[in-house]
Structures are given as structure tokens and as C-alpha cells.
Amino acid sequence: MYRWHPTRGGEKRNYDMVHYGHSNQLRQAKAMGDYLIVGVHTDSEISKHKGPPVFTQEERYKMVRAIKWVDEVVEGAPYVTTLETLDKYNCDFCVHGDDITLTVDGKDTYEEVKKSGRYRECKRTQGVSTTDLVGRMLLMTKAHHSNIDSSDYQEHTDNFGKGHSPWTGVSQFLQTSQKIIQFASGQEPQPGDTIIYVAGAFDLFHIGHVDFLEVVHKLAEKPYIIVGLHFDQEVNRYKGKNYPIMNVHERTLSVLACRYVSEVVIGAPFAVTKDLLDHFKEPRRKGILRTVDSGNSLTTDAIVQRIIKNRLLFEARNQKKEAKEIAVIQAMKRQEEEKTKERAQAVL
């Protein structure tokens, strides 16, 4: 649910495993108005309608609040969006992606607001979905890395995202300069700003990363935080297995969407050198390295373990979701065929 003022609107989702696709949807929604409220479902609501969530509701609430286009979060938003909900938060309309959200009974959760004309749609981001990310973790494939041949990615697609539903199936993400521009702040450091550099993989950008960046942000009155992202090959060298789960292009957008981040260095060196610091006009002095405690022990490894532990449940969730979507697509196709026949008969 999104709220805008003076034009107010809303968007509502479960926001499980918040990724750059969700962020891009929120970016588009914010552009439709002035004030954005996002409704996030509880764990019980998600489990009832879709299956077990990967993250807890408290983790999801904080993740969504960290996205720079979000002005406010409604915790425990109802799964079905009604006019009563929009009026409660003074929303002029609600926004959702061009995929479809269904209840456990297979009904469109936005049916009421669509009929009332208080529904707007934004484009889904191709190449990413929670389904795809879960599949990458379970299959232990490296097909998603930016240096891997596309034929391997197709094998990944065939193995996990069957592609029968256009909303659940896996597709390949293609980075563009326009997308980076849309996510980037475009702001240069200003006089008086404290430039802070942090580096890492920032893979599956999660609440642990958010808590860390929030602590870093509080280190200065006017912080300008630059995040260095290591290339896929470098991350795989020190992490092994099929890491990173997200390639460097995907990780770039995920980090840029965070409200605490000012700039991203794509392909940052593993070692922080004097030349690198000089590039950001950092004062040449010793003792500038600080270690901070985020207070959160969550890691990308821990997230993968959550998925593996509940593998059968997540696979069943994806199959159930796709089955409902296919049923809707078939129903829409039948309705269109009937309308075509009626128009043909009317002409005769």
C-alpha cells in the first residue's frame, strides 16, 4: 500500500527476501505520487496464502523501511486490499506490479480496488523473483554469475523455474545504465560531509547489512557512505560454493536502494589501498579504520541454511503459487476467447 500527499496511494506485499525487484517497484510507485506507505504482511498471513516466509515479519518491516523511496510502513497489513484499508490510511489509490496476487482461494487480492478505479500498476522487474533466488540457493549453481555462459543459466531455468507462469518463472536479468541511474542518488559529496568507505560482497542484501550500514551512518553528522562491491569472481574466491547468490549487477541495485548509501563502487578491490582512499579525497592520515558492531549476526550463509532446512516447504510453496497463477491465466484466456467469438457473431 502506498500513501501520497497531496496525492496519496499505497502498495501492499509480503516483501519476503526483499530484493531489487521490490525496490524498483517502490521506486516506480513513489514516482506516481508524493508520499509512499508500504503495507507489509505478517508471517501468519503469508503462511496462510503463500507458504512459509524466509524472513520474520520484524526483519521484513525493517528491510522495507531501509528502502530510500519508502516514507512509512504499515505493519501487519491485510492480505486483501480493500477500500476500507485505503481510506484508513488516507490513500488515494494503491499500486502493485503487473503480476497477480492471489488468496489461498485463488482470488485476486486487488479485485475491490480495481473495480473502484483506485488501483495503479507498475512494471515488474524482469530477471528476479524470490522464486529464482530460492532456486539458486537450492540448486547450488553458478549460472547466475555475470561471467557464466547463458546456456548454463538456461539449465538453471529449466531445473527450477519451469516458466509456465510469466510471474513465477525464471528469466535472466540484464543490467542497463538507465537502471543504475534510476537507483543512484546522483549526489556528490558536499562540503562538511564525512566520507565513509565500506566494502564487501553484500550478497542477498539483508537485514544484517541494513543494521551494519545504519550503525555506520550514525558515525558522522553528515555521512556520505560509499559501498565497494567485489566482483563475482573475487567473492567466489573467498566464499566458495556458488557464492555470490546475486551477481554484481544485481548487488549494485540492491545496495543503491538502501537509504544509508550514497554511492557504490562496482568491482572494488579486495584490499583497501591508499590509492583507493585518495580517489575519494580521503585525508591522508593513519588510524582511519574503524570496526563497528551492527548488533546483528545474520549472514548470507544463515539465510541459505534457512532455505535448505525448509527446502521441501519452499518447493511446495513455489509449485502451489505457480499452479494458482496458471489457473488464472487459463481463465483469462477463456474469457478473451469468448469475447472474440461474441464480437465475431455480432459482425455476422
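These numbers come from the heavy atoms of this one structure, side chains and all, not from hydrogens, waters or symmetry mates.
When only modelled atom types and interatomic distance are considered, Asp211 and Ser294 share no side-chain donor-acceptor pair under 3.5 Å. No side-chain donor from either of Ser44 and Ser47 sits under 3.5 Å from a side-chain acceptor of the other. Glu263 and Tyr224 share no donor-acceptor pair across their side chains, judged by distance under 3.5 Å alone. In the model, Asp232 has no side-chain atom that pairs as donor or acceptor with a side-chain atom of Tyr243 under 3.5 Å. For the residue pair Gln25 and Arg124, no side-chain donor N or O sits within less than 3.5 Å of a side-chain acceptor on the partner. If you check the side chains of Glu121 and Tyr119, you find a donor sitting under 3.5 Å from an acceptor.
A donor-acceptor pair is defined here as one N or O able to donate and one able to accept, closer than 3.5 Å; such a pair exists between the side chain of His41 and the backbone of Ala77. Here the side chain of Asn24 pairs no donor or acceptor atom with the backbone of Thr125 at under 3.5 angstrom. With Gln28 contributing its side chain and Cys122 its backbone, the two residues share no donor-acceptor pair below 3.5 Å.
Each of Leu256, Val255, Ile266, Val265 was evaluated against Leu229; a single residue qualifies, Val255, per the side chain to side chain contact (heavy atoms under 4.5 Å, CB included) test. When Val227, Ile226, Val261 are each tested for a side chain to side chain contact (heavy atoms under 4.5 Å, CB included) with Val198, only one passes: Val227.
Atom CG of Asp92 and atom CE of Met32 lie 13.5 Å apart (nearest 0.5 Å). Here the CG-OG1 distance, from Leu83 to Thr85, works out to 8.5 Å after rounding to the nearest 0.5 Å. Taking CG of Leu204 as the reference point, atom CZ of Phe202 lies at 13.5 Å (rounded to 0.5 Å). Rounded to the nearest 0.5 angstrom, Thr56 OG1 and Ile207 CD1 are separated by 8.5 Å. With values rounded to the nearest 0.5 angstrom, Arg27 atom CZ is found 13.5 Å from Tyr20 atom OH. We find the OG-CG distance between Ser262 and Asp193 to be 7.5 Å, quoted to the nearest 0.5 Å.
Considering only heavy atoms from C-beta on, Val74 stays 4.5 Å or farther from Val38 through its side chain. Asp301 has its side chain out of reach of Val304: every pair of non-hydrogen atoms, C-beta onward, lies at least 4.5 Å apart. Using a 4.5 Å heavy-atom threshold, the side chains of Tyr89 and Leu86 count as separate. Between Ile196 and Leu219 the shortest side-chain heavy-atom distance falls below 4.5 Å. Using a 4.5 Å cut-off on side-chain heavy atoms (C-beta onward), Phe205 and Met63 make contact. In this structure, the side chains of Glu58 and Lys62 stay at 4.5 Å or more apart for every pair of heavy atoms.
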For Val73 and Val40, run side chain to side chain contact (heavy atoms under 4.5 Å, CB included): C-alpha distance rounded to whole Å, both residues' side-chain angles, the deciding distance at 0.1 Å, then the answer.
CA-CA 7 Å; Val73 169; Val40 184; 4.0 Å; yes

Would Met137 and Asn242 count as a side chain to side chain contact (heavy atoms under 4.5 Å, CB included) here? Give the steps.
CA-CA 8 Å; Met137 287 180 266; Asn242 66 330; 5.7 Å; no

Quick one: do Thr194 and Lys222 satisfy side chain to side chain contact (heavy atoms under 4.5 Å, CB included)? Show the steps, please.
CA-CA 6 Å; Thr194 299; Lys222 295 178 62 181; 5.8 Å; no

CA sep, side-chain torsions, deciding dist, call: Lys30, Asp71, side chain to side chain contact (heavy atoms under 4.5 Å, CB included):
CA-CA 9 Å; Lys30 181 63 180 283; Asp71 294 302; 3.1 Å; yes

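Considering every non-hydrogen atom in both Glu112 and Thr81, the closest pair reads CB-O, 4.4 Å. Considering all non-hydrogen atoms of both residues, Leu298 and Glu59 come closest at CD2-OE2, 4.2 Å. The two residues Ile67 and Arg259 have their closest heavy-atom pair at O-NH2, 2.9 Å. The minimum heavy-atom distance linking Cys91 with Arg118 is given by the pair O-NH2, 2.6 Å. Nearest heavy-atom pair, His217 versus Pro223, reported as atom, atom and distance to 0.1 Å: O-CG, 3.3 Å. For Met246 against Ser254, the heavy-atom pair with the smallest separation is SD-OG, 3.7 Å.
The existence of a salt bridge linking Glu250 and Arg136 is confirmed by a sub-4.0 Å separation between a basic side-chain nitrogen and an acidic carboxylate oxygen. Between Glu234 and Arg237 there is a salt bridge, with a side-chain nitrogen of the basic residue lying less than 4.0 Å from a carboxylate oxygen of the acidic one. Using a cutoff of 4.0 Å between basic side-chain nitrogens and carboxylate oxygens, Lys239 and Asp203 are not scored as salt-bridged.
Shown here are the salt bridge (Lys or Arg N to Asp or Glu O under 4.0 Å) partners of Arg65, two or more places apart in sequence or in another chain: Glu75. Listed by chain and number, the residues in a side-chain contact (heavy atoms from CB on, under 4.5 Å) with Asp108 are Ile100, Tyr110, Glu111, Lys114 (sequence neighbours excluded).
The cationic group of Arg60 does not satisfy the cation-pi geometry with Phe55, failing either the under 6.0 Å distance to the six-membered ring centre or the 45° limit from the ring axis.
Atom CD of Glu188 sits in a sparse spot, with 12 or fewer heavy atoms from other residues, nucleotides or ligands closer than 6.0 Å.
You'll find the ring centres of His230 and Phe270 inside the 6.0 Å limit.
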